[in-house]
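Have a look at the structure below, then the notes.
Note that these values count all heavy atoms, side chains included, but never hydrogens, waters or copies made by symmetry. Every chain is numbered from 1, with letters handed out A, B, ... down the list of sequences.
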There are 2 protein chains.
Amino acid sequence: MSPKVGIAPVRRRQIVDATIRCLARDGYSHLTMNKVARRARVSQGILHYYFADKHAILVAAMQRVMEDLERRVVQEARGIHDPRRRLRALIHACLSVATEAREFWVVFVEFWGEMMHDRALMEINADLYTRERRLIGRIVTRGVRSGLFRRVRPEQAGGIILALVDGLSLQLTFDSKAFSLAEASRFCEEAIFRYLAKK
Amino acid sequence: MSPKVGIAPVRRRQIVDATIRCLARDGYSHLTMNKVARRARVSQGILHYYFADKHAILVAAMQRVMEDLERRVVQEARGIHDPRRRLRALIHACLSVATEAREFWVVFVEFWGEMMHDRALMEINADLYTRERRLIGRIVTRGVRSGLFRRVRPEQAGGIILALVDGLSLQLTFDSKAFSLAEASRFCEEAIFRYLAKK
DNA sequence: CAAACATAATTGGTCAACCAATCAAGAAAA
DNA sequence: TTTTCTTGATTGGTTGACCAATTATGTTTG
């Protein structure tokens, strides 16, 4: 009645993974269905069996990239209770994505460019950032309650920290001579802790 | 001996402008020579008369976007002598690009995605950012000498401030419900002045 | 001054390559 | 056998690039 049970999600993942690898390798403007099919080791036809069209594949790819990035960040800061150390871990996790998980970061940045002309992609991204701001906001709130940080709006602090991390990641990526990951980490921590310092 | 002298730069500019408007309107992945030609009100053939290929047009377009952005920022902070006010003006200039000169900002972000796979574009961008870091660095140095700011590495401060501005511009662009330009300006100034504050 | 000339600028059409999407037909699992 | 999966060839359409022919604009010369 239902042959090859459970193959659908496997195939979908296979296709999305191949898409991400293609994007990382050749960029958005050189992405073709043929390349994706070859990299996923399936026929062209099957792409349209599992996805309505190219755009649907891109939406799924962006979803996976965002998901992966979020998991990476959440996981890195988990298990640490001291807000200062937790923030430090989170900053390091975010920044090291740009250098160590370059593939993912490249695709992430590429999506920013496309988002501007694609409501569906824009919303996926906006949701991620709202969650991230809140996540960071909660860490900061804890620090305020513990008397470590000055009183500050959690969402605002989240926005600032996220902005700083994104901006430094960008410079780290496309201008590698400017400063190293270690330096960027130090700068970032210093700026953030001064921002959060009590007087 | 040389008919229509001086028309070449005019045409080139015409073509590059049309390219930028196309990018702002439809995005990188939908950019075609035909669209550019139509928007520039010239024939398709002439594009290849003035530029070797599509890539050459894109390089010229990126150069113009970067140039324009830099001019805008430099101009805004000129004539102000107090380092604090100057920094404030610069921050506002950068952030308002994302909202008021949305077209330019959109194209700017689109180029980030393509840069990753294009050495020529990457270098144009790296040069701009080096100059911007130094520009900001000089303002900060002045503030240090005047005793307004704590002692800090100029290039590092430039990197931090630029990162914060870029990151906030991004959130401002693709998540307009998060905060307004005015709020972003305040957050940014607060964070930076706390970062530069003595003790 | 004007006719002949030289070269730059511009056009519109052509073309091979490539693209996303479709489909008929068959393979594989239940 | 029936249903789901999978293939690979095909389709109609688009793309960037190229080019021969034409036009516009100066220069030179008689």
Side-chain angles (χ1 to χ4, degrees), chain A residues 1-23 25-62 107 110-111 113-114 117-118 120-121, chain B residues 1-23 25-62 107 110-111 113-114 117-118 120-121:
Chain A
M1 275 286 213
S2 58
K4 277 210 180 177
V5 282
I7 199 71
V10 173
R11 285 278 171 280
R12 264 184 240 273
R13 191 190 173 87
Q14 200 177 350
I15 292 166
V16 168
D17 280 0
T19 305
I20 292 169
R21 266 181 289 134
C22 282
L23 285 174
R25 173 170 285 254
D26 302 331
Y28 210 104
S29 58
H30 298 114
L31 184 78
T32 70
M33 298 295 267
N34 208 332
K35 280 185 188 176
V36 172
R38 260 184 288 142
R39 196 161 285 269
R41 279 195 269 262
V42 294
S43 70
Q44 301 178 44
I46 208 137
L47 300 185
H48 289 93
Y49 180 76
Y50 286 108
F51 293 93
D53 53 17
K54 193 182 179 183
H55 182 253
I57 297 185
L58 284 167
V59 170
M62 173 143 175
V107 178
E110 279 170 6
F111 275 121
E114 284 296 308
H117 311 279
D118 193 321
L121 297 184
Chain B
M1 273 288 214
S2 57
K4 268 206 181 177
V5 282
I7 199 71
V10 173
R11 284 279 171 281
R12 263 184 242 275
R13 190 191 173 85
Q14 200 175 351
I15 292 167
V16 168
D17 280 359
T19 305
I20 292 169
R21 266 181 289 134
C22 282
L23 285 173
R25 173 170 285 255
D26 302 332
Y28 210 104
S29 58
H30 298 114
L31 184 78
T32 71
M33 298 294 268
N34 209 333
K35 279 187 190 176
V36 172
R38 260 184 288 140
R39 196 162 285 267
R41 278 194 268 262
V42 293
S43 70
Q44 297 183 48
I46 210 141
L47 300 185
H48 287 94
Y49 179 76
Y50 285 109
F51 294 93
D53 53 16
K54 194 181 179 183
H55 181 253
I57 297 184
L58 285 167
V59 170
M62 173 142 174
V107 178
E110 279 170 8
F111 274 121
E114 283 297 308
H117 310 281
D118 193 320
L121 297 184

Residues forming a side-chain contact (heavy atoms from CB on, under 4.5 Å) with B:Arg25, sequence neighbours excluded: B:Arg39
Scan residues 12-23 of chain B for pairs that pass side-chain hydrogen bond (donor to acceptor under 3.5 Å, both in side chains), counting only residues two or more places apart or in two chains. B:Arg11-B:Gln14, B:Asp17-B:Arg64
What distance do B:Leu58 atom CG and B:Tyr28 atom OH have between them, rounded to the nearest 0.5 Å? 4.0 Å
So which protein nitrogen or oxygen atoms get under 3.5 Å of nucleotides 7-10 of chain D's nitrogens or oxygens?
residue : atom : partner : partner atom : Å
D:dT7   : OP2  : A:Ser43 : N            : 3.0
D:dT7   : OP2  : A:Ser43 : OG           : 3.2

Interatomic spacing from CD1 in B:Ile20 to CG in B:Leu31 - rounded to 0.5 Å: 11.0 Å
Summary of side-chain hydrogen bond (donor to acceptor under 3.5 Å, both in side chains) pairs that have at least one residue in residues 40-54 of chain A, sequence neighbours excluded: none
Looking at OG of B:Ser29 and CD of B:Glu110, how far apart are the two atoms once the value is rounded to the nearest 0.5 Å? 8.0 Å
Under the rule for side-chain hydrogen bond (donor to acceptor under 3.5 Å, both in side chains), what residues qualify as partners of B:Asp26, not counting sequence neighbours? B:Lys35
What is the distance from NE2 of B:His55 to C1' of D:dA17, rounded to the nearest Å? 16 Å
Check the distance between C:dA20's P and A:Leu58's CG and give it to me in whole angstrom. 10 Å
B:Asp53 atom CG is separated from C:dA17 atom C1', nearest whole Å, by 16 Å
Roughly how far apart are B:Leu121 CG and B:Met62 CE, rounded to 0.5 Å? 5.0 Å
Difference in axis direction between the ends of the helix from C:dC1-D:dG30 to C:dA30-D:dT1, five pairs, 10°: 10°
Does OP1 or OP2 of D:dC18 have a side-chain N or O of B:His48 closer than 4.0 Å? no
Starting from P on C:dA27, measure out to CD1 on A:Ile7 and report it in whole angstrom. 19 Å
The correct set of residues in residues 27-39 of chain B placing a heavy atom under 4.0 Å from DNA chain D is B:Leu31, B:Thr32, B:Met33
Do you know which two heavy atoms are closest between A:Ala60 and A:Val16, and how far apart they sit? CB-CG2, 3.8 Å
Hey, does B:Phe111 have a side-chain heavy atom less than 4.5 Å from the side chain of B:Val107? yes
Categorize A:Tyr50 for me: base, sugar-phosphate, or nothing, with a 4.0 angstrom heavy-atom threshold over every strand shown. sugar-phosphate
Look at the side-chain N and O atoms of B:Arg11 and state whether any lies under 4.0 Å from the OP1 or OP2 oxygen of C:dA8. no
Qualifying residues under side-chain hydrogen bond (donor to acceptor under 3.5 Å, both in side chains), relative to A:His30, sequence neighbours excluded: none
